[in-house]
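All ligand and atom numbering here is 1-based and tracks the order in the structure.
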Amino acid sequence: MYMIKKNIHKQILKKIKEYDEIVIARHIGPDPDAISSEIALRDIIRLNFPKKKVYAVGNEVSRFRYFGNLDKISSSELSNNTLMIILDVPRWDRVDYMKKEGFAYTIKIDHHPCEEQVCDLELVDDTSASTTQLITEFIYETKLKINKNIAENLFCGIVSDSDRFLLSYTTPKTLMLVSKLLEDYKFELMPLYNNLYERPLDERKFESYIINNIDITENGFGSIILDNKIFKLFNVDSATASNMVNDFNFIKELKVWAFASWDERNNIFKVNIRSRGTQINEVAEKFNGGGHKFASGARLQTLDEVKALFKALDDVCKENK
Ligand code: AMP
């Protein structure tokens, strides 16, 4: 595990103070933690340093609009003295929108396992339940101002990435920080949970389709391949399965499960993998993927590669039986 540097929060704040132009990015195919952390950090910097130009970049995802708008800024519009902060992403090739080149200084704040330093300054803690947890800690440590809207976004990121505190990354610190946010900003929970968890009935029907058709091996590995025909049948899209993969936790017969969804726009299979104890990220890394010990993903070109990944996942399940 990466050692957290002493005074890292102060060092990050010092760099934020030093630069007048700041770009904040996160990983491709963002989840609520990635989106809410970049929007929250942008809004924190804008609130505390109104004269700075701060941009949260990356492709918009319509179902996450409730977190706030992203900014459109191309690299040619930026000065050559810009600070880049990447969030919730361990490697540059997974960063959405901006390239590393051209930035005067780079910072990473992330909770993915990663041994390699890729930015000038890094706050990496793979024991943290989420990147929003790291940012919440950062604001309480540095005493930066926030407001109710920022607190709500941080709260949603932490709730979502810990899967409502079900995942083992949940620690006393996670609960202490959300408790502090709630105590200090007194926001209502139900509207936030509606944003995060309300689903159309079609999606629940699609979930039932997966339940009824998932292939489960004797080693406790469940898998399913989802194509356009199925998406059309249930009026869903290629990203829908990603949003529900966590809901297959705690099914007795499933120890590891993976959904491969055909993404027609990008001509790839997007694979979501989850586990209840068998380490999967090392397998994902061998198949052009990666992620956390128990929550990983991969992007694959062919059906044969998908089948090979499924076989490798079944093999690790067998080893861990
Ligand atoms: P997902 O299944 O897309 O929610 O991703 C689960 C975790 O795996 C997240 O932490 C992602 O950042 C990571 N991940 C997903 N796809 C990839 C990939 N192709 N390469 C590396 N990490 C990935």
Atom indices of ligand 1, in the order listed, that fall short of 4.0 Å to a heavy atom of Asn288: 19 (N)

Ligand 1 atoms in contact with Gly291 (distance to a heavy atom under 4.0 Å): 8 (O), 13 (C), 22 (N)

Side chain, backbone, both or neither: the part of Val245 lying under 4.0 Å from ligand 1 by heavy atom: neither

More than 12 heavy atoms from other groups under 6.0 Å of NZ on Lys53: no

Lys270 neighbourhood, listing ligand 1 atoms whose heavy-atom distance to it stays under 4.0 Å: 3 (O)

Minimum-distance protein heavy atom relative to atom 18 (C) of ligand 1: Arg94 NH1, 3.3 Å

Inter- and intrachain pairs under side-chain hydrogen bond (donor to acceptor under 3.5 Å, both in side chains), touching residues 9-18, at least two apart: Lys15-Glu18

Ionic contact status for Lys311 with Asp315, cut-off 4.0 Å: yes

Distance-only N or O hit between ligand 1 and Asp31, under 3.5 Å: no

Selection residues 84-99 - residue pairs positive for salt bridge (charged side-chain N to carboxylate O under 4.0 Å, His left out), sequence neighbours left out: Arg26-Asp96, Arg91-Asp93

Top protein contact for atom 7 (C) of ligand 1, by heavy-atom distance: Ala295 O, 3.4 Å

Heavy atoms from other residues, nucleotides or ligands near CD of Glu264 exceed 12 (cutoff 6.0 Å): no

